[in-house]
Amino acid sequence: MLDLLAAGPGQPGFLDLLQGALRPTIALIIGLPLLGFLLNGALSLWRPAAKGAVSVIGAGVLLTTFLVALQLFLQLSAVWHVKPDEVIRVTLWSWIPVGDLRVDFALQLDQLAMVMLLVVTGVGSLIHLFSVGYMKADEGYARYFAYLNLFVMFMLVLVLGASFPMMFIGWEGVGLCSYLLIGFWFSEPANADAGKKAFIVNRIGDFGFLLAMFLIWQATGSLSFAEVFDRAPQVLAAGGAMATAITLFLFLGCAGKSAQIPLYVWLPDAMAGPTPVSALIHAATMVTAGVYLVARTNVLFALAPTSQMVVAGVGALTALFAATIGLRQYDIKKVLAYSTVSQLGYMFLGVGTGAITAGVFHLVTHAFFKALLFLGAGSVIHSMHHAYHATHSHDDAQDMRNMGGLAKYMPVTAVLMGIATLAIAGIPPFAGFFSKDEILAFAFGRGAQQPAFYLFWGMGALAALLTAFYMARLMAMTFFGPNRTGEAERQHLHEAPWIMTGPLLVLGLLSLAGGWLNLPEFFPAIGAPHGVLHHWLEPVLEAGNRVAESVGLAPALSHGATEAFLVGGAILTAVLGLTLGWVVTRRAVAVPAHDAAPETGFWKVLYHKYYVDELYDWCIVRPLVAFSRVVLWKKVDQGVIDGGGVNGAAGLSRALGWIGSRLQSGQVNVYVVLFLVGAIYVLGMVAWR
Amino acid sequence: MLLGPSLAVSAILFTIGVAGVLLRRNAIVIFMCVELMLNAVNLTFVALSQAYGSSGQVFVFFVMTVAAAEAAVGLAIILSIYRHHKSVDLQQINLLRG
Amino acid sequence: MVEAVFWFFAAVAIVSALLVVTMRNPIASAFWLVCTMLCLAGIFFLLQAQFIGAIQILVYAGAVMVLFLFVIMLLNLGRDDAALKRTPTWFAAVLLAGVLASQLVPALIRYSSERLAFEYTRSAVLADPRMVFDSTLSAAQATLERGVPGDIAKPLFEHYLVPFELTSILLLAAIVGAVVLAKRRI
Amino acid sequence: MTPELKGLLLVSIIKLLVVFTVTMIGVALLTLMERKVSAWMQYRLGPNRVGFGGLLQPAADGIKNIIKEETFPGMANRVLFMLAPALAFIPALTLGSVIHWAAPLPVNFDFTLPLLGRFVHTGLMPMAVADLPVGILFVLAISSMGVYGIALAGWSSNSKYALLGGLRATAQMISYEVAMGLAVVPVLLLTGNVAFGEIIRAQQVGGFGWFILPLFLAFHNFLVAGFAETNRLPFDMPEAESELIAGYHTEYSAMKFSMFFIAEYTNMVTVSAMVTTLFLGGWDIPFTHWDETPGVLQTIATGGMMFLKVFFWLFFFMWIRWTLPRFRYDQLMALGWKVLMPIGLAYVMLIATAIYLIENVAGISSGLVKMLVLTGINVALGYIVFMVLDRGLLIGGSRERGAASGGLGRRAA
């Protein structure tokens, strides 16, 4: 590697040498989690009790992957320092060579993928470590880690894939793992149903992704990122129907995977899985895949301003909508789930605005603090569960009404959750402040060109207020006030073991300092430069920015008084939200869940999540089931397929068989004559072609 | 070079073999006509091997092996058919009739 | 000179082949088939395939046909008087054979190795003859280089070793099959 | 035609004529020799009336055969009946054309004849009518063609004795061809070529000496198979006079009968020459090396040597005829398929392994040592085969065979 660098980036042939040298490393990054999956899978079949080995393998491969990724990062940042637009592409083997379509099993590594790689492996490692403690008592320990490793493998394929089909493998793979892990405790029908729901809702999104791929293939004649993005500005008219269709279909995929309106419904249900899974898959990594996809295809989105508007609008609406639901949830994980949906909305607002860096930045910081929140919640649930388990109580360990005053029993968790709350609420200098503020600033800036973005900005700001509110509510209900767990149970509440608090601490640090990745210019930096992530991602976004400039929609920031107003407003909103949430919650009468009065009025609507699930059930599921039963089953399946297809085919075969059996005269000469006629025909075809 | 004429002779022999299979009813004679066809193909292989290395001759070698195996098994079958039917006339042996 | 000998062998082979088909007596058919095979062996010798020529006589004429003769003699088959009656099948057969020959012979008689090479260059897949044939060495050159059996042995044992071994299994199966079929009691 | 080609043709025609004539006369004399040797072995005189010591007896027989009436069986297939003796006769004669009868002769001439033009020949002329590169393969191929004459003769006579004789002969010859081919393979292993010239050269200078020593078992198998191929006693099943009158030639008379006769004796000569060529160094004069440089004298001397060796084997044929009793038919087939073929196969593998070990593993390059090692192996193998495996069975005496129960020869087909 070093002698490679000595040869000098930018020299002819250097990239080939580099790709050759990095090939095993990149294969290793994919291969290690796969190995972990295979080993753990084997263990889960043969030695489910060997938890020590499973932990070592499961967490070990992830840590090793992270270290490999880190080392790769160090090496490549040296390269990119000299020549930022070198993209490492490694073709492992040829996958689909059909006619003009040539899809290789290829991986690519650029700055954007590197960010995702580090987040996935880094946060993933922490969550794996946490899981070692959290899942300790579970029977499906080996299976759990096998799934988790498989998930990481697919996530890395998604991130590193060098073409749309490669990304789609990862896309589908993480969906599969998500399904498997949501329904991890599948013996309870609700959990299995939640898994199915996630899977089916995601199918709708995948359908959009597939259609987008077909259109891309039709428009550009290629599916690999490099070629598509290279050709797209030439073959796709800016703002044209094709570009808009492609990006809208892509966004449909994103909406499914990243839980945006109208396909967000699966994510809250996905909390049925183990909490670390929620942290890893349904907060930090998989659900951000949609954001990553938009960021990856920023060239295409830059070509379609309408789609950008849709993305930003849906993002803003989702942010606000989910935040309102989060106001009145009692399940600690549900609150966080809606919070996740809301924050994802922010990210889409960011990438929809064209501020890809801001969106990715929020993705990263969100990964830190939301993982922290989920793991903290996991720690709380762990403790609560132990308490209820010890006393054989059947109360809900996740209901915040049953908690209260936990700060006394779990000080470390409480402090870290507090940090995360400040981060997500947007209090400087915590990570969330910078990223959220940047998104809102860009949205406001774009409003100068497209006034609709002022509206989106307003929705985002309001959502920020609500975010601060429900987070304060969560903290107040969980950690402060009187304890409502119960007399006997209270004895069993305790802080989580170090293997769980350790990752929490690391994540806490990251939530605290994550904002330093991309400090805005107005912020007085201490030793750290401004806009690191911005510069880091510049080569990836360059093409998209060029397109955006040509369209006249380059992302812009306001400066001066407006900027000060925005920043001040954001801080004010956060503080206001936190205070309101704290005050309102502390003043409400707190009773355990089983004593709680039913919700009334608008609270009831919020509590029931605006009845969206019921709406979907009435509008889509039931008509579909009825249609399937009456038309598809009775008419199409029994009538057409069974009658015409199956029995008809049988009848046809019988008829043909009868004719054929007439030919079987047993006379060899006849056979030979027939054969010869065919042979002469073929010969004629060849000779007189 | 005798490539063209060899191929033509091979084609004629093959055709005669085909005609024999079509015309004759005696199983053994039909068998012999099949052997004739195989020989014609062998000639093709050898003629082409003259131009392009000995692989063609290796194929002839394989064809001969197959022919020998075929003759052994085929004649054994004909023998056992003869034991049942007291005839090797294929027009009378139509057990395969559908 | 070589051409003359070739055409002599070819003519005898074709006439004998016709006699194979037209003779009513199976023994006579077998005899003429042997004659055809010997002529073919002669042609093989002319085409620089001495080993194959010798093997042709040894295996076909010497073993396979003897087996045929043996079976015919054992079954004591007489004249096949029903053969070659002018039935509709007969006309169909002759017609078909005529069509086949009329397609094959004109297409093949002007064939040359240059034409073959040309056709291979036209095919995208077969542009390199070495993809189909093991070497571009002609048979005559190969014989000079490696001797008569070596000419065959080299590709056979290097290139086609697995098929060769499979052939031995085939022969074994054939032996077992023939014995099982032919023997009344085992 | 080029002068060189014409020269080659001329030389070949001369060789052809010489070989044909010598063979025919030789065969005629062989019939006399057979009778004389028989008489000698039975302590009687044999033919001694016609000519000096009965020397003209073959001529008298020939004349008698030519002028005798040709008889045809009533229901015979006339064409095949006529063709069969020729089919037996032609391959037998053809075989003589590839055998190297003497050391190559340097022949150089360049002359012009009126009408015919210029004839040129330079260099060595192999003392075989056709020095085929396929050599031994050709012999095996053509010898297998001899079956047709006998089979067709038996079938076309439309007589049960002839048919049975023909069938027996066919089966026997096919069977023993296998053993013969397997016996030839070790020789090819040692020479690495199939051409006769190369086989002889390998025994002259190739380092193994005459192959009879290093390949004794192959030699033995070849000899046995040769006896069976020529339908000589103790394997004369096809014409076992006590069972089948005269076998496949029961119905033949006059010159056609005599053609079978000639074919049989020609085959004897061929087999003798083959044994000589394959295992006794061909025309090689033992313990000398001057015969390796071509010259007229050398050719004559080696031709004499070849004659001596072939003569010995011909005598051996007759000697065996009056020494061993005839095999039963099932014993004959059992010997071919169950003894000679397995032994031949195993022997091929053993020798191949041994050669590999000697040359590649032990790294022995001295011809004498190689020969001695192989000879040692053969002695050991011979002991195993004849003394251990065959204990009182086929090759042993009939008395012992009767005593041994369950032997190979006892199973009736």
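Every chain is numbered from 1, with letters handed out A, B, ... down the list of sequences.
Contacts between C:V34 and chain D at a heavy-atom distance below 4.5 Å involve the side chain alone, from C-beta outward. Proximity to chain C is limited to the side chain of D:L83, based on heavy atoms less than 4.5 angstrom apart. Residue D:I174 touches chain C through its side chain alone, counting heavy-atom pairs closer than 4.5 Å. The contact between D:A171 and chain C is made by backbone and side chain atoms together, counting heavy-atom distances below 4.5 Å.
When the candidates D:A151, D:G181, D:S156 are compared by the number of heavy-atom contacts under 4.5 Å with chain C, D:A151 comes out ahead. Top candidate by heavy-atom pairs under 4.5 Å with chain C, chosen from D:L163, D:V134, D:L152, D:V147, is D:V134.
The shortest heavy-atom contact between D:L167 and C:F70 is O-CE1, 3.4 Å. The shortest heavy-atom contact between D:A141 and C:A54 is CB-O, 3.6 Å. Between C:G62 and D:S144, the closest heavy-atom pair is CA-OG, 3.4 Å.
Here the straight-line distance linking atom CD1 of C:I57 with atom OG of D:S143 works out to 10.5 Å at 0.5 Å rounding.
D:V194 has its side chain out of reach of C:F51: every pair of non-hydrogen atoms, C-beta onward, lies at least 4.5 Å apart.
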Problem set entry | Stepwise side-chain contact (heavy atoms from CB on, under 4.5 Å) test for C:V66 and D:M173 | CA-CA 10 Å; C:V66 173; D:M173 289 174 82; over 6 Å; no

For this session: Applying side-chain contact (heavy atoms from CB on, under 4.5 Å), run through C:I72 and D:W155 and close with a yes or a no.
Result: CA-CA 10 Å; C:I72 298 170; D:W155 184 78; 5.6 Å; no

For this session: For side-chain contact (heavy atoms from CB on, under 4.5 Å), just list the numbers for C:Q50 and D:F138, CA-CA rounded to whole Å, side-chain angles, deciding distance to a tenth of an Å, and then say yes or no.
Result: CA-CA 9 Å; C:Q50 286 102 333; D:F138 182 80; over 6 Å; no

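Summarising the local packing, CZ of D:F72 is surrounded by more than 12 heavy atoms from other residues, nucleotides or ligands at distances under 6.0 Å.
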